[in-house]
A.B. asks: 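Structure provided below as structure tokens; questions to follow.
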Amino acid sequence: MKKALITGITGQDGSYLAEFLLSKGYQVYGLKRRTATPNFENIQHILDKIEIISGDLLDLSSLIEAIRASDPDEVYNLAAQSFVADSWPQAIYTGYATGLGVTNILEAIRLTKPDIRFYQASSSEMFGKVLEIPQKETTPFYPRSPYAVSKVCGHWITVNYRESYGMYTCSGILFNHESPRRGLEFVTRKVTNGVAKIKLGLQKELRLGNLDAKRDWGYAGDYVKAMWLMLQQENPEDYVIATGETHSVRELVEIAFDYVGLDWNKYIVQDPNLMRPAEVDLLLGDPKKAMDKLGWKPEITFENLIKTMIDSDMQKLKAKK
Ligand code: NAP
Ligand code: GDD
């Protein structure tokens with residue numbers, strides 16, 4: 001039985017990856033930092049099938065202990081301060097967690113079990129003010145937020161440990177991916193949850209920032225399969241994972257309000273406070289390498305993804321009511 005350690009197991013991707021690895025027969029361990037209130041919502045349904053290990057990406061000793069305790073074949077580093085907007089007011093913390101945290105986990109692996117296969121959650125945010133359309137593995141980075149700068153650090157240290165020590169380390173450069181488990185602060189979930197609340201009479205308006213930004217949005221359940229595939233190859237490499245389609249926030253809003261039969265113009269309020277100090281205007285990925293080499297492809301369309309998220313939010317809100 002293969003063993004995997006997932007950092008960030010309580011997050012969106014951690015929960016889908018844990019489910020996927022369990023379905024492949026893995027023994028799954030999840031690193032969980034201490035929090036004052038419980039946040040097991042995403043993994044409640046599989047808690048009896050996985051083992052939780054206490055630890056924090058900022059605490060090297062805890063990472064070394066986590067690797068000793070789980071003795072994994074594969075480590076998936078998904079933990080991060082992942083909300084771009086908060087990376088300006090928390091630039092230093094984001095640098096520690098999202099950037100330096102990657103060096104911590106790589107050091108823990110190098111010192112304990114260097115033949116572990118390692119996956120780093122890199123991000124399309126690294127392309128930032130894009131230098132090429134579409135973006136692929138060879139496109140240079142131009143990060144536009146403290147989050148993206150930290151991810152570039154995490155990306156290159158992952159490449160560096162591969163080249164310096166011959167370790168099996170891969171970076172997946174994942175474009176935005178969403179699901180009903182997406183945090184409420186990210187724009188897709190903010191919209192689907194807001195639309196569901198408006199439809200149910202629980203909210204009167206939805207405040208948003210930049211409606212012109214474009215993203216290549218996919219489904220998280222599809223993307224965690226690509227993470228696993230990267231670690232099953234003969235040689236470690238980096239891959240772009242994307243749908244190859246881009247949509248604006250405005251299109252997202254239109255699709256969501258249309259689905260519940262409402263006119264979005266009546267409910268959307270543009271709030272200057274939600275504009276970012278520096279924006280990433282357009283992300284569009286080219287997943288050709290992943291399709292050719294990994295045999296990976298996205299399964300769910302953007303429109304269906306948004307509809308599924310609205311259905312899920314409707315159900316949750318009705319259950320609460
Ligand atoms: P998420 O839902 O925000 O989950 C982040 C996870 O990291 C949570 O489990 C969180 O734990 C944990 N974490 C944060 N700081 C930590 C620390 N210091 N020590 C240990 N754990 C810590 O993020 P996601 O959407 O699943 O994304 C997973 C990874 O992929 C992140 O690295 C993100 O930056 C990257 N990524 C995401 C996307 C996307 O579109 N979703 C695209 C590209 C890259 P708590 O529950 O305690 O907060
Ligand atoms: N969150 C949010 N809230 N975003 C808004 C809003 C709003 O009210 N209004 C407009 N937007 C715009 C943002 O300015 C941005 O251009 C776009 O919607 C997407 O924002 P997010 O959903 O917060 O995601 P992100 O693209 O900044 O970052 C996500 O994707 C990255 C991969 O490209 C995160 O998951 C990152 O962790 C990930 O690396």
Side-chain angles (χ1 to χ4, degrees), residues 6-17 30-43 54-59 62-63 66 76-87 93-94 96-98 100-102 104-105 119-128 135 143-145 147-148 150-151 154-155 171-179 181-191 194 206-220 223-224 227 241-242 247-250 252-253 268-271 273-283 285:
I6 302 173
T7 74
I9 195 155
T10 55
Q12 171 188 256
D13 291 7
S15 65
Y16 283 107
L17 180 64
L31 187 86
K32 160 95 177 67
R33 62 177 168 169
R34 193 259 163 189
T35 48
T37 47
N39 58 351
F40 288 111
E41 192 181 332
N42 287 335
I43 51 170
S54 176
D56 194 300
L57 220 51
L58 300 182
D59 185 327
S62 74
L63 299 177
Y76 296 85
N77 184 39
L78 310 185
Q81 191 302 89
S82 75
F83 188 40
V84 174
D86 274 4
S87 76
Y93 172 71
T94 302
Y96 283 132
T98 306
L100 198 59
V102 189
N104 278 340
I105 184 95
Y119 173 85
Q120 165 58 15
S122 282
S123 166
S124 51
E125 274 288 307
M126 301 188 303
F127 296 122
Q135 296 87 51
R144 292 273 280 172
S145 62
Y147 167 83
S150 307
K151 279 288 179 189
H155 181 84
S171 275
I173 307 175
L174 270 53
F175 282 62
N176 300 48
H177 44 278
E178 319 295 312
S179 75
R181 296 183 201 161
R182 187 56 142 154
L184 283 163
E185 67 275 37
F186 298 93
V187 76
T188 50
R189 184 78 197 288
K190 185 172 173 183
V191 168
L206 181 57
R207 303 184 85 79
L208 292 176
N210 181 10
L211 300 184
D212 296 320
K214 290 184 150 183
R215 290 291 182 276
D216 181 330
W217 276 297
Y219 169 54
Y223 284 41
V224 298
M227 298 175 186
I241 302 298
H247 299 273
S248 64
V249 174
R250 185 174 283 100
L252 156 70
V253 165
I268 294 293
V269 177
Q270 265 203 287
D271 184 342
N273 292 321
L274 293 169
M275 298 291 194
R276 296 180 178 178
E279 180 61 282
V280 170
D281 297 319
L282 165 74
L283 290 176

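Computed over heavy atoms, backbone and side chain alike; hydrogens, waters and symmetry mates excluded. Both ligands and their constituent atoms are indexed starting at 1 by order of listing.
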A.B. asks: Of all the non-hydrogen atoms in the protein, which one sits nearest to atom 38 (C) of ligand 2, and at what distance?
C.D. replies: Y147 OH, 3.5 Å
A.B. asks: Would you check whether W217 has a nitrogen or oxygen atom less than 3.5 angstrom from a nitrogen or oxygen atom of ligand 2?
C.D. replies: no
A.B. asks: For the pair R144 and R276, evaluate side chain to side chain contact (heavy atoms under 4.5 Å, CB included) and give the outcome as yes or no after the intermediate values.
C.D. replies: CA-CA 10 Å; R144 292 273 280 172; R276 296 180 178 178; over 6 Å; no
A.B. asks: Return yes or no for this condition: an N or O of V187 is under 3.5 Å from an N or O of ligand 2.
C.D. replies: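 Yes, at least one N or O pair falls under 3.5 Å.
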A.B. asks: Judged by atom type as modelled, is there a donor-acceptor pair below 3.5 Å linking the side chain of K151 to the main-chain atoms of A121?
C.D. replies: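 Here the side-chain-to-backbone pair exists.
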A.B. asks: Checking S171 side chain against I173 main chain: does a donor-acceptor pair fall under 3.5 Å?
C.D. replies: no
A.B. asks: From the options F175, Y147, Y93, Y16, select the one whose nearest heavy atom is closest to atom 36 (N) of ligand 1.
C.D. replies: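 Going through F175, Y147, Y93, Y16 one by one, Y147 has the nearest heavy atom to atom 36 (N) of ligand 1.
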A.B. asks: Under 4.0 Å from ligand 2, counting heavy atoms only, is it the side chain of M275, its backbone, both or neither?
C.D. replies: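 Neither part.
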A.B. asks: If you measure every N or O of S82 against every N or O of ligand 2, does any of those distances drop under 3.5 Å?
C.D. replies: yes
A.B. asks: For ligand 1 and S123, I'd like to know whether there is a polar contact (N/O to N/O, distance under 3.5 Å).
C.D. replies: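 By distance alone, the answer is no.
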A.B. asks: Using distance alone, decide if ligand 2 has a nitrogen or oxygen within less than 3.5 Å of any nitrogen or oxygen in G209.
C.D. replies: yes
A.B. asks: My understanding is that only one of T94, D86, T98 makes a side chain to side chain donor-acceptor pair (under 3.5 Å) with Q81; could you say which?
C.D. replies: T94
A.B. asks: So if I count the atoms of ligand 1 from 1 in the order they appear, which ones are less than 4.0 Å from some heavy atom of S122?
C.D. replies: 43 (C), 44 (C)
A.B. asks: CG/N210 to CE/M275 distance, rounded to the nearest 0.5 angstrom?
C.D. replies: 5.0 Å
A.B. asks: Identify the protein heavy atom lying closest to atom 17 (C) of ligand 1, giving its residue, its atom name and the separation to 0.1 Å.
C.D. replies: D56 OD1, 3.5 Å
A.B. asks: Decide whether a cation-pi geometry holds between R215 and F175; the criteria are a distance under 6.0 Å from NZ or CZ to the six-membered ring centre and an angle within 45° of the ring axis.
C.D. replies: no
A.B. asks: If you take the nearest heavy atom of each of G11, G14, S124, which one is closest to atom 4 (O) of ligand 1?
C.D. replies: G11
A.B. asks: Under 6.0 Å from the six-membered ring centre of F186 and within 45° of its axis: does the NZ or CZ of R189 meet both?
C.D. replies: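 So R189 doesn't make the cation-pi contact.
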A.B. asks: Run down the list R182, R34, E125 and name the one with the heavy atom closest to atom 41 (N) of ligand 1.
C.D. replies: R182
A.B. asks: Salt bridge or not between K214 and D281? Use side-chain N to carboxylate O under 4.0 Å.
C.D. replies: no
A.B. asks: Taking only heavy atoms of A121, which atoms of ligand 1 are found under 4.0 Å from at least one of them?
C.D. replies: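 Matching atoms, with element in brackets: 29 (C), 30 (O), 32 (O), 35 (C).
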A.B. asks: Okay, side chain of Q12, backbone of S179: is any donor-acceptor separation there less than 3.5 Å?
C.D. replies: yes
A.B. asks: Is ligand 2 under 4.0 Å from a heavy atom in the side chain of L208, in the backbone, in both, or in neither?
C.D. replies: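 For L208, the contact with ligand 2 is made by both the backbone and the side chain.
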A.B. asks: Please work out, at 4.0 Å between heavy atoms, whether the side chain, the backbone, both, or neither of L283 comes within that distance of ligand 2.
C.D. replies: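 Contact part for L283 vs ligand 2: side chain (C-beta onward).
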A.B. asks: Does R182 approach ligand 2 within less than 4.0 angstrom via side chain, backbone, both or neither, non-hydrogen atoms only?
C.D. replies: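 Within the 4.0 Å criterion, R182 contacts ligand 2 through side-chain atoms alone.
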A.B. asks: Based purely on interatomic distance, does Q81 place a nitrogen or oxygen under 3.5 Å from a nitrogen or oxygen of ligand 1?
C.D. replies: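 No, there is no polar N/O contact under 3.5 Å.
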A.B. asks: What do we get for R276 next to ligand 2 when only non-hydrogen atoms under 4.0 Å count, side chain, backbone, both or neither?
C.D. replies: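 Just the side chain.
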A.B. asks: Do the side-chain N and O atoms of H247 and D216 include a donor-acceptor pair separated by under 3.5 angstrom?
C.D. replies: no
A.B. asks: Between the candidates H177, E41, M126, which shows the shortest non-hydrogen contact distance to atom 37 (C) of ligand 1?
C.D. replies: H177
A.B. asks: Among V191, L211, L208, which residue satisfies the side chain to side chain contact (heavy atoms under 4.5 Å, CB included) criterion with L252?
C.D. replies: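 Going through the options one by one, the only one that passes is V191.
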A.B. asks: Out of S124, A220, A85, A121, indicate the one that has the non-hydrogen atom closest to atom 33 (O) of ligand 2.
C.D. replies: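 Of the listed residues, S124 has the closest heavy atom.
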A.B. asks: Looking only at protein heavy atoms, identify the closest one to atom 8 (O) of ligand 2 and say how far it is in Å.
C.D. replies: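 Among all protein heavy atoms, the one nearest atom 8 (O) of ligand 2 is K190 NZ, 2.8 Å.
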A.B. asks: Given side chain to side chain contact (heavy atoms under 4.5 Å, CB included), test L174 with S124 step by step and report yes or no.
C.D. replies: CA-CA 6 Å; L174 270 53; S124 51; over 6 Å; no
A.B. asks: Does an N or O from Q12, backbone or side chain, lie closer than 3.5 Å to an N or O of ligand 1?
C.D. replies: yes
